[in-house]
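Shown next, in structure tokens, is the structure this report addresses.
Numbers here simply count residues along the sequence, with the first being 1.
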Amino acid sequence: MSATRTVTELTIPSDLGESRRVMELIEDALHAKGYTEHDIFAIKLALEEALVNAIKHGNQMDPDKRVFVVYHITPERFDIRITDEGDGFNPDDVPDPTAIENLERPCGRGLLLMRGFMTEVEYHGKGNIVSMVKVREVSA
């Protein structure tokens, strides 16, 4: 017997307002699946970072470029894949924001937050695709 699975595919313009709409849709779906506020907070934070990175850094706010979002929600886990139309990047080239010499620099903090709040974060291809997984907290 397979778990109930919700699969959604969205294409949005490089517009931060549209990213907020996507976040609201996902938050509503997570509530409907009974996710905890803790898990929803973690997912929303990582999702916001990933969408802003795709729009600002990947697509350079180009209104002609799109961001593609595919997500799956089961009662046990949340999976999302975000693709932008930018040139990509190598996440290993992003300076460690916790290193003493980088504490005053703004770059890298979003990637650190995404890795900290999600169960898995992986970049694919030329670095313009990120997939993230959050395994649901089990209530005692």
Side-chain angles (χ1 to χ4, degrees):
M1 184 162 120
S2 66
T4 305
R5 189 170 177 91
T6 303
V7 178
T8 305
E9 295 185 33
L10 304 167
T11 300
I12 63 168
S14 296
D15 178 292
L16 295 174
E18 286 296 309
S19 73
R20 285 187 290 278
R21 186 179 65 82
V22 169
M23 289 174 50
E24 289 170 8
L25 287 170
I26 290 173
E27 182 178 5
D28 289 347
L30 292 167
H31 277 292
K33 292 287 185 187
Y35 277 69
T36 66
E37 288 302 321
H38 182 265
D39 280 343
I40 292 172
F41 173 83
I43 290 167
K44 282 177 55 180
L45 191 108
L47 178 60
E48 180 177 24
E49 290 295 337
L51 287 169
V52 167
N53 285 348
I55 292 168
K56 281 187 166 182
H57 302 296
N59 287 351
Q60 302 289 305
M61 300 291 291
D62 183 338
D64 295 327
K65 290 186 178 178
R66 301 285 176 250
V67 175
F68 307 93
V69 179
V70 178
Y71 63 92
H72 313 277
I73 302 173
T74 68
E76 294 80 29
R77 63 187 276 151
F78 168 77
D79 294 85
I80 189 162
R81 184 178 190 97
I82 298 169
T83 305
D84 64 60
E85 295 183 308
D87 295 332
F89 80 114
N90 181 347
D92 295 334
D93 291 343
V94 176
D96 176 1
T98 63
I100 299 292
E101 65 273 15
N102 297 326
L103 291 178
E104 300 292 322
R105 299 181 67 196
C107 64
R109 286 185 174 78
L111 300 181
L112 182 70
L113 287 171
M114 289 163 54
R115 288 182 184 120
F117 280 100
M118 299 299 282
T119 308
E120 298 171 22
V121 176
E122 291 182 19
Y123 292 88
H124 308 279
K126 60 185 181 177
N128 69 325
I129 302 168
V130 62
S131 60
M132 301 187 294
V133 174
K134 180 69 173 175
V135 176
R136 185 173 170 182
E137 252 182 21
V138 178
S139 308

Rounded to the nearest 0.5 Å, how far apart are CG of Asn53 and CD of Glu48? 10.5 Å
Using a cut-off of 6.0 Å, state whether more than 12 heavy atoms not belonging to Lys65 lie near its atom NZ. yes
Do Glu85 and Phe68 have side chains that approach each other closer than 4.5 Å (heavy atoms only, starting at C-beta)? yes
Closest approach of Ala50 to Val130 (non-hydrogen atoms, all atoms of both residues): CB-CG1, 4.3 Å
Shared hydrophobic cluster for Val133 and Tyr71 (ILVMFWY, side-chain gaps under 4.5 Å): no
ILVMFWY network linking Leu51 to Val70, side-chain heavy atoms under 4.5 angstrom: no
For a 4.5 angstrom cut-off between non-hydrogen side-chain atoms, does Met61 reach Lys56? yes
Validation: residues 118-129 side-chain donor-acceptor distances under 3.5 Å, sequence neighbours left out:
unit_1, atom_1, unit_2, atom_2, d
Thr119, OG1, Val135, N, 2.9
His124, NE2, Ser131, OG, 2.7
Lys126, NZ, Gly86, O, 3.2
Asn128, ND2, Asp84, O, 2.7

Nearest heavy atoms of Ala46 and Met114, plus distance in Å: O-CG, 3.7 Å
Could you grab the distance from atom CG of Asp79 to atom OG1 of Thr74, nearest 0.5 Å is fine? 7.0 Å
Please determine which of Ile43, Thr8, Leu47 meets the side chain to side chain contact (heavy atoms under 4.5 Å, CB included) test together with Ile80. Leu47
Can you measure from CZ (Arg77) to NZ (Lys33) and round to the nearest 0.5 angstrom? 14.0 Å
Atom pairs and distances, donor-acceptor, side-chain atoms in residues 18-25, under 3.5 Å, two or more places apart:
unit_1, atom_1, unit_2, atom_2, d
Glu18, OE1, Arg21, NE, 3.0
Glu18, OE1, Arg21, NH2, 3.0
Ser19, OG, Leu16, O, 2.6

Side chains of Ser14 and Arg66 in contact at under 4.5 Å (non-hydrogen atoms): no
Reported CD-to-CZ distance for the pair Glu9 and Arg81, which is rounded to 0.5 angstrom: 11.0 Å
Stepwise, does the side-chain contact (heavy atoms from CB on, under 4.5 Å) test hold for Val67 with Thr11? CA-CA 6 Å; Val67 175; Thr11 300; over 6 Å; no
Considering non-hydrogen atoms only, spot the tightest contact between Asp39 and Thr36 and give its length. N-OG1, 3.0 Å
Return the set of residues passing side-chain contact (heavy atoms from CB on, under 4.5 Å) with Asp87 (not counting sequence neighbours), or none when no residue passes. none
Compare every heavy atom of Tyr35 with every heavy atom of Phe78, then report the nearest pair and how far apart it is. N-OH, 3.5 Å
